[in-house]
Amino acid sequence: MDKDKYKKLLNPKQYEAVTQAPGPLLIFAGAGSGKTRALTYRIAYLIENYGVNPRNILAVTFTNKAAGEMKERLQQILETNFLSLTVSTFHSFGARILRENHELVAYRKNFSIYSEEESNVVIKNIIKEKNLDSGDINPKGVKYVIGRAKDDMLDIQAFASQAQSPRMRDIAIIYTEYQKRLRELNAFDFDDLIYWPVYIFDKHDNVREFYRSRYQHLLVDEFQDTNHSQYRLIKHLSNERKSVTVVGDDDQSIYGWRGADITNIMNFEKDFPNTRVVKLEQNYRSTQTILTAASNVIANNRGRKVKELWTSLGEGEKLRRLECSDEESEAFFITDHVTHLRKEEGLRFSDFAILYRTNAQSRALEEGFRTSGIPYVIVGGTRFYERMEIKDLLAYLRVLVNPDDNVATLRIINVPKRGIGDVTIERIAKYSQLNNINVLEGCFHAVEDKIEGVSSAKIKRFIDLIKKLEGIKRRGEPLPTLMEKIIKFSKYEEVLLQENTPESEARLDNIKELVAGTASFEHRYPGATAEQFLEEVSLLTDIDRWDPNSDAITLMTLHSAKGLEFPVVFITGLEEGLFPLIRSGQISKEELEEERRLMYVGMTRAKRYLYLTNCRFRRHYTGSFFHQQSRFLAEIPADTLTESTDPQMFIKKPKLPPREGRYGYEEERKGSFAIGADVLHQKYGAGVVLSVEGQGENEILIVSFPRHGKKRLMTKFAKLTLIKGKK
DNA sequence: GATATGAGATTTTTT
DNA sequence: ATCTCATATC
């Protein structure tokens with residue numbers, strides 16, 4: 001492949017980025033500017049023009065999907081073998097370093113990787129045992145603080161010494177114990193997968209040098225999302241040559257809450273002198289109208305690197321705006337437009353994405369799609385590998401792989417029920433802790449009648465099961481076979497079959513899917529072990545499980561949508577308080593800017609049509625029901641917007657009788673009528689209050705009258721009398 | 001030891 | 001509104 005080929009395949013800026021000599025390179029890649037393309041061709045160029053050996057290249061991404069796409073593209077463009085090239089996510093790369101160097105942090109090779117849920121179990125136990133259960137200490141909050149500490153590479157001493165408040169001192173105690181327990185359990189949490197490799201590189205020059213000479217050329221995707229520890233990892237690996245290519249977009253930094261440090265991208269040039277900077281500003285995705293609208297929104301943020309996205313794709317259609325009365329009409333509006341647009345434009349269901357700020361919003365939308373018979377898939381929410389039956393069965397696998405994993409052992413010791421009660425389990429756990437053995441060994445002791453008050457018969461059944469399964473694993477049976485035997489011998493399937501409810505049916509389906517999952521894994525990696533499978537599923541993201549080819553509409557959070565594109569995008573729930581999300585009545589400038597970047601990310605997912613919806617009224621388990629429009633809507637230039645359709649026709653007819661007395665309907669709105677109240681008007685007669693706009697003097701009621709349809713009435717003039725319902 | 005019942009929290013985004 | 005967890009009861 002010669003230089004001309006690159007010139008033909010890339011635009012001038014991309015070409016400039018791709019053909020830089022090895023050395024620090026920072027690519028500001030605006031949304032849709034061909035970032036993956038630039039990265040993959042850069043790799044190809046390093047190999048073909050600088051004779052770089054593929055095994056000396058490491059490319060890091062955040063999701064398996066991104067890594068997979070890069071590998072696929074490389075396979076297409078590279079003539080040389082690329083198999084020795086490493087394309088990995090940060091976390092799986094970290095896991096690999098730890099598998100290869102586990103003894104340096106006093107772990108064993110067969111360690112488990114704990115999800116948030118499992119980490120929380122450990123923390124919860126610590127809180128209970130140490131009696132730290134006060135008002136401001138809860139497992140999730142503690143886990144969050146510890147996680148951020150690990151992102152910042154704070155060890156337990158450093159953390160404790162800077163703990164000022166009583167709460168932080170308590171957390172320091174928990175942090176210390178948590179790390180100790182994780183080691184006993186032979187388990188890492190997600191943050192450890194970066195923390196410990198950096199620790200190893202800090203302490204062991206020889207190990208660091210080994211990886212440095214192995215990975216002489218680094219490429220990092222989504223650099224704006226890296227946290228401090230990830231940045232340290234990159235810096236550790238970069239040698240004198242500093243062949244580090246980072247690609248990112250400060251405007252798309254949306255993981256600050258997870259420790260992502262936007263200053264990493266801002267300070268890169270300082271940390272790596274002589275960095276070449278290239279900006280990719282030509283967008284190949286969206287219409288000019290969409291780009292103009294998005295640029296105007298993001299322009300409200302301060303301290304960003306200025307970029308000017310442009311496209312040659314033409315003006316396109318205006319953005320379509322719709323204010324809905326509530327979530328139901330929002331869902332209805334969307335389904336209606338999907339149906340219509342699909343017909344008119346010959347689009348597939350998979351061309352549509354519905355985006356929202358919080359997962360909880362998917363419910364109402366889902367309901368709408370179900371009733372209108374539109375196929376849909378939800379990314380995220382309750383994830384497959386987090387479903388109870390899947391977690392149970394994976395726990396069996398984990399016990400077989402890592403017998404020290406007490407969290408897994410305790411999860412399955414009585415699942416399915418084999419008559420081992422809480423008291424017995426508690427006694428075994430206590431005994432094991434006192435004798436410094438894992439719970440599984442504790443069970444062996446129980447069988448030998450060594451534990452007081454524990455009858456051995458039922459424990460023996462459990463132990464026999466584990467022994468049998470261990471035997472199967474040791475024989476080296478293929479992974480799918482092992483999984484099937486677990487399901488069979490544990491009687492997990494049998495119990496569900498007996499249950500025979502729609503619920504159990506669904507669980508059986510999931511179990512089948514799990515077996516199919518192991519089979520496909522085995523197919524991809526012949527001879528795959530349970531260890532490898534567990535690692536893969538532990539590090540899978542929501543988006544990794546998403547199949548973009550199935551013909552269904554995709555529902556997902558704005559966060560999940562990053563990196564994707566769709567011909568038609570709906571951004572829903574554009575309400576002040578929900579998006580931007582404001583939790584405690586207050587939002588800091590930094591938080592608001594991150595919300596705005598999220599809006600920018602959402603808008604720039606759209607190729608041709610961008611719909612923006614908000615609800616005036618939204619139900620929530622707490623209470624704030626009436627919402628103003630999101631401030632982001634006001635930041636979109638009026639001439640890029642159009643009111644798409646008369647919203648009235650999408651508003652559902654009110655249900656009669658009004659849902660009086662139902663939870664949450666009686667909002668304290670002084671002087672007005674409750675939604676659903678029956679009222680009497682002098683001219684129009686009896687009607688139902690649909691919604692309320694404005695407040696006090698300017699309050700307007702939307703009332704539906706059987707003969708006269710919907711009317712907007714100012715409360716202060718309308719002289720309405722209450723018939724039924726509440727004020 | 002298993003099940004039924006009620007209190008209580010929950011929902012921001014995720015590797 | 002729904003799920004989880006603790007306590008009461010069989």
Side-chain angles (χ1 to χ4, degrees), chain A residues 60-67 88-95 113-117 119-121 124 128 138-141 143-144 147-148 150-151 188-195 222 225-227 229-230 253-260 355-364 367 379-383 385-386 388 414 416-426 454-455 457-458 535-545 556-562 573 577-584 587 591 594-595 597-599 601-602 618-624 662-665:
Chain A
V60 201
T61 64
F62 275 88
T63 65
N64 293 290
K65 182 168 178 289
S88 169
T89 66
F90 267 106
H91 289 84
S92 45
F93 181 71
I113 296 171
Y114 275 7
S115 68
E116 217 64 8
E117 193 186 318
S119 308
N120 281 336
V121 170
K124 200 187 280 175
K128 216 191 306 178
N138 64 329
K140 271 179 125 180
K143 176 75 207 338
Y144 181 80
R148 295 298 70 73
K150 288 181 180 175
D151 288 345
F188 292 109
D189 68 17
F190 287 138
D191 308 304
D192 285 336
L193 298 181
I194 314 295
Y195 177 92
E222 306 279 16
D225 287 334
T226 51
N227 61 34
S229 58
Q230 287 160 339
S253 162
I254 55 173
Y255 285 107
W257 51 273
R258 210 172 70 189
L355 309 182
Y356 36 77
R357 180 63 179 81
T358 67
N359 277 122
Q361 286 163 254
S362 69
R363 277 248 167 116
E367 198 58 41
V379 176
T382 324
R383 282 157 256 181
Y385 287 100
E386 280 175 20
M388 188 176 64
N414 194 34
K417 295 208 167 63
R418 42 180 81 87
I420 303 169
D422 296 343
V423 181
T424 303
I425 294 171
E426 193 57 39
V454 174
S455 62
K458 286 161 179 169
E535 179 165 319
E536 160 138 323
V537 301
S538 304
L539 298 178
L540 234 36
T541 67
D542 289 334
I543 211 71
D544 296 330
R545 278 196 47 80
M556 65 180 130
T557 63
L558 288 140
H559 282 87
S560 302
K562 196 169 72 148
L578 182 62
F579 189 27
L581 187 74
I582 302 168
R583 273 187 300 172
S584 46
I587 184 165
E591 287 169 326
E594 181 149 316
E595 295 287 316
R597 290 193 290 269
L598 195 53
M599 178 69 180
V601 166
R618 189 177 287 277
R619 259 172 281 178
H620 195 243
Y621 74 92
T622 52
S624 55
R662 280 267 311 260
Y663 171 86
Y665 261 81

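All values below were derived from every heavy atom in this structure, side-chain atoms included, with hydrogens, water molecules and symmetry-related copies excluded. Letters A, B, ... are given to chains in the order of the sequence lines, protein chains preceding strands, and every chain is numbered from 1.
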Closest to the [X] side chain: [options]?
X	options	answer
A:Val423	B:dG1, B:dT13, B:dT15	B:dG1
A:Asn359	B:dT11, B:dT15, B:dT14	B:dT14
A:Lys140	B:dT14, B:dG1, B:dT11	B:dT11
A:Asn138	B:dT10, B:dG1, B:dT15	B:dT10
A:Ala360	B:dT11, B:dT14, B:dG1	B:dT11
A:Ser560	B:dT10, B:dT14, B:dG1	B:dT14

Give a yes/no on whether any side-chain N or O of [X] is located under 4.0 angstrom from OP1 or OP2 of [N].
X	N	answer
A:Thr358	B:dT13	no
A:Ser92	B:dT15	no
A:Ser538	B:dT15	no

If we require ring centres under 5.5 Å and near-parallel planes under 30°, does A:Phe62 stack on B:dT15? no
Check if the side chain of A:Arg357 and the base of B:dT13 share a donor-acceptor pair of N or O atoms closer than 3.5 Å.
-> yes
With no hydrogens and no angle check, is any side-chain donor or acceptor of [X] less than 3.5 Å from a backbone partner on [Y]?
X	Y	value
A:Thr424	A:Ile420	no
A:Ser88	A:Phe93	yes
A:Asp544	A:Asn64	yes
A:Asn227	A:Gln230	yes

Taken in chain and number order and not counting sequence neighbours, the residues that satisfy ring pair (Phe, Tyr, Trp, His ring centres under 6.0 Å) with A:Phe90 are A:Phe62
**Q.** Cationic N near anionic O, under 4.0 Å, A:Lys150 to A:Asp189
**A.** yes
Measure [atom1]/[X] against [atom2]/[N] and give the value in whole Å, please.
X	N	atom1	atom2	answer
A:Gln361	C:dA1	CD	P	19 Å
A:Arg619	B:dT10	CZ	C1'	18 Å
A:Phe190	B:dT14	CZ	P	12 Å
A:Trp257	B:dT11	CH2	P	13 Å
A:Tyr144	B:dT13	OH	C1'	10 Å
A:Glu116	B:dT15	CD	C1'	9 Å
A:His91	B:dT15	NE2	C1'	4 Å
A:Ile194	B:dT15	CD1	P	13 Å

Every protein N/O lying under 3.5 Å from an N/O of nucleotides 3-6 of chain C:
residue	atom	partner	partner atom	Å
C:dC5	OP1	A:Lys124	NZ	3.1

Fill in: A:Ser362-A:Asn359 side chain donor-acceptor pair, cut-off 3.5 Å
no
Residues A:Gln361 and A:Thr358: side-chain donor-acceptor under 3.5 angstrom
yes
Next on the checklist: Mind checking if A:Glu594 touches a base, just sugar-phosphate, or nothing, with heavy atoms under 4.0 Å?
Outcome noted: nothing
(message) Counting C-beta onward and ignoring hydrogens, is there a side-chain heavy-atom pair between A:Ile194 and A:His91 closer than 4.5 Å?
(response) yes
Here DNA chain B, pairs taken as Watson-Crick or G-U under 3.5 Å and shown with ( ), [ ] when crossing and | when to another strand, reads ||||||||||.....
Check nucleotides 2-7 of chain B against the protein and report each pair of N or O atoms closer than 3.5 Å, with its distance, or say if there are none.
residue	atom	partner	partner atom	Å
B:dA2	OP1	A:Gly419	N	3.2

With sequence neighbours left out, the residues meeting side chain to side chain donor-acceptor pair (under 3.5 Å) with A:Lys143 are A:Glu116
So CZ of A:Arg357 and CG of A:Leu578: to nearest 0.5 Å the spacing works out to 8.0 Å
Residue set satisfying side chain to side chain contact (heavy atoms under 4.5 Å, CB included) with A:Val379, at least two apart, ordered chain then number -> A:Asp542, A:Ile543, A:Trp546, A:Thr554, A:Met556, A:Ser560
B:dT13 versus C:dT4 - spacing of their P atoms, nearest Å
16 Å
Check: How are the rings of A:His559 and A:Tyr255 set to each other: parallel, tilted or perpendicular (split at 30° and 60°)?
Finding: tilted
Ranking A:Thr424 and A:Tyr255 by the position along DNA chain B of their nearest nucleotide, the one closer to 5' is A:Thr424
